[in-house]
Amino acid sequence: MYFDWITWSIWLVGFIIMIIWILVPAREFRRLLQKRRSEQSELNK
Amino acid sequence: MITIDYIIVFVFLIGMFYVGSIFYKWVGSSDDFYLAGRQLTPFILAAVLAATNVNLYSFVGQAGIAYKEGIQIIWQTWTGNMAMVISGLFVIPIFRRLRIRTIPEFLEKRYSKGVRTFVAFIWILRLTFWLGVVLYTAVIAAQTISGLTSFTAWVLIFSVVVIIYTILGGMWSVAFTDVIQFVLMLGGALILLPLAMSAVGWFPGMQANLPEGALTLVKETGTYNWKFILAIFLLGIEWACVDQGLLQRAFGAESTRSVAKGLVLAGIITTPFALLWNLPGLAARILYPDLANADSAVPILIANLIPNIVLGLVVVGLLSSQLSTISGNLNGVATIFASDVYENVINRKATDKDVLKIARIITLLTGIGMVLFAYLVPILGGAVNAYLTIIAIMDMPLFVISIIYGLLWKRVNWQGAVTGYILGAISGIIGQFLFKMDFNVTTFITAGTTLIVTPIISLLTREESNEKIEAIWKARIISDEEIVNNNVYNIFPKTISGKLSLAVFLLGLIIFLVGVFMGSSGSSIASVIAVTGMVIYFIGGLFRAYTN
């Protein structure tokens with residue numbers, strides 16, 4: 001079977017971007033959520 | 001599409017409604033609604049910007065031009081990405097320091113309240129109408145892909161959920177759903193690419209079967225030749241500095257440095273992405289060479305090539321690209337109206353609660369306006385193009401008065417800015433419609449008129465100097481916020497690594513321009529040099545955003 005380096009290189013770059021943009025924003029949103037929760041609990045005290 | 005595909009789309013819409021509406025509790029103030037409380041981090045900001053910039057028009061319109069003319073149209077996206085790096089490193093950090101929400105707000109600080117209100121109204125009209133045109137394009141594409149031909153059904157699918165969650169959660173909802181939608185539309189495009197390429201015999205098959213020059217990135221002749229690349233690059237810089245949809249996301253960044261990082265990252269990730277919709281456009285040229293309407297090329301390709309179930313996932317990706325653009329611009333219109341018109345003109349004693357309520361009502365009204373315009377598009381016919389051309393013409397004078405003179409020369413006053421803006425726009429409209437000039441030529445005439453008229457009128461009228469202008473000039477260097485947080489971003493670098501990265505960035509820009517100019521003589525290596533320059537430019541820009 002023919003392997004097309006050009007197409008799969010483009011595909012791999014896109015795939016890596018997709019994985020990074022799943023992992024990093026998830027971590028950043030979790031941090032924002034924790035920050036918000038701690039602010040809320042400070043206000044409630 | 002079969003039942004399971006519709007179920008996938010339905011589950012996606014329910015999911016978006018759920019995650020979008022949970023942010024209702026996060027909106028306590030108008031700043032939360034407009035700017036997500038200015039807490040967006042670089043990677044979130046990059047995904048939000050990319051999701052707002054890529055919409056179904058990319059998969060339909062730009063890929064349609066690639067189908068008809070060749071790959072060169074990809075420079076529209078690539079130079080736009082390069083422009084985002086320029087504005088992110090040098091221009092938007094200044095606006096972020098001023099803690100403004102909209103470009104009209106900057107115009108009041110720099111010139112006068114009248115200029116602010118005038119430009120705000122123009123932007124409200126243009127964004128609402130533009131959303132309607134994009135919605136119409138999306139509905140036509142969705143009809144082709146799915147076989148579900150009801151116009152109203154697709155209008156509802158595209159608009160109801162997104163309007164509701166944008167009203168409830170404002171920018172917080174927009175940011176969170178945009179990140180999810182960015183991943184989904186990238187995923188959909190990653191499914192499409194290998195299927196399209198294998199159908200035409202991969203890259204060698206594409207080279208053998210396409211017309212000569214269809215895969216040449218920098219061409220000597222043709223509609224999208226080397227001159228087009230230069231013109232669209234200049235237009236891209238103007239867009240990246242004044243587009244409210246883009247700027248408002250950047251104003252939501254957590255710091256000045258995050259603006260630079262977010263915009264550079266957004267430019268970089270959208271660059272390979274552009275290949276994922278343009279290459280299928282070229283594949284469609286081989287598979288369906290005689291389509292009457294080029295815009296239907298990729299939708300027909302998707303409908304024929306993609307198996308069911310997977311088709312549902314690809315449609316979710318395409319829907320995502322559209323919803324993220326709608327939500328961002330709905331929020332943009334609401335912000336301009338609530339901040340620049342309501343708070344500034346109609347009710348100056350408004351409380352924050354009043355403003356928040358108005359922003360939500362305006363989001364709803366803009367959504368309804370978008371839907372009405374989508375129904376009007378086929379009725380208006382050629383008038384739509386005329387309208388879109390006029391608003392595009394009016395962008396250039398805005399760029400000249402807000403960025404070139406607004407940030408570089410204090411002596412320019414509101415009299416000069418208003419006269420330059422109006423005469424620039426009129427000269428462009430006359431050139432375009434009376435003398436039938438090419439749009440690129442019109443742009444240069446418009447810019448030239450504003451560049452000449454503005455300083456002449458300013459020098460003939462009274463000089464204005466006040467604290468507001470001094471504040472803008474201070475923001476070119478630093479802000480108190482950065483000093484307090486000990487996170488200073490220097491637009492012109494002070495460390496060796498910062499200077500080195502700026503040098504790499506400029507070297508990349510020069511190589512890119514050399515490559516484009518080599519296209520004027522039909523050089524066979526022009527494309528390789530231009531793309532190499534672009535890659536070096538992005539690498540330099542990325543390091544510049546992360547160094548001091």
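Computed over heavy atoms, backbone and side chain alike; hydrogens, waters and symmetry mates excluded. Residue numbers begin at 1 in each chain, while the letters A, B, ... track the order of the sequences. Bear in mind that the values here come from a model prediction, so they are computed numbers and not experimental data.
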| request: Answer with side chain, backbone, both or neither: which region of A:Ile19 has an atom nearer than 4.5 Å to a non-hydrogen atom of chain B? | output: neither

| What do you reckon, is CZ of B:Phe17 surrounded by more than 12 foreign heavy atoms closer than 6.0 Å? | no

| task | Check B:Pro272 against A:Ile10 and note the closest heavy-atom contact, atom names and distance. | result | O-CG2, 4.5 Å

| Criterion side-chain contact (heavy atoms from CB on, under 4.5 Å) on B:Leu186 and A:Trp21, from CA distance to verdict | CA-CA 10 Å; B:Leu186 189 49; A:Trp21 258 265; over 6 Å; no

| query | Of all of B:Ile180, B:Leu265, B:Ile269, which one pairs up most often with chain A through heavy atoms under 4.5 Å apart? | reply | B:Ile269

| said: What part of B:Phe182 gets within 4.5 angstrom of chain A, counting heavy atoms only: side chain, backbone, both, or neither? | reply: side chain

| task | Counting only heavy atoms closer than 4.5 Å, note whether B:Val183 contacts chain A via side chain, backbone, both or neither. | result | both

| B:Leu275 portion near chain A, given a 4.5 angstrom heavy-atom threshold | side chain

| Segment of B:Leu190 engaging chain A (4.5 angstrom heavy-atom cut-off) | both

| Inter-residue atom distance B:Leu40.CG - A:Phe29.CZ, 0.5 Å rounding | 7.0 Å

| CD/B:Glu254 to CD/A:Glu28 distance, rounded to the nearest 0.5 angstrom? | 7.5 Å

| task | Pick one of side chain, backbone, both or neither for B:Phe43, based on which atoms fall under 4.5 Å of a heavy atom in chain A. | result | both

| request: Please report the C-alpha distance between A:Thr7 and B:Leu279 in whole Å, then the side-chain angles of each, then the deciding distance to 0.1 Å, and finally whether the side-chain contact (heavy atoms from CB on, under 4.5 Å) criterion is met. | output: CA-CA 9 Å; A:Thr7 300; B:Leu279 287 174; 5.9 Å; no

| field | side-chain contact (heavy atoms from CB on, under 4.5 Å) between B:Trp172 and A:Leu32, worked out | value | CA-CA 11 Å; B:Trp172 274 119; A:Leu32 282 171; 4.0 Å; yes

| field | Pair B:Trp202-A:Ile6, side-chain contact (heavy atoms from CB on, under 4.5 Å): steps then yes or no | value | CA-CA 9 Å; B:Trp202 302 97; A:Ile6 296 177; over 6 Å; no

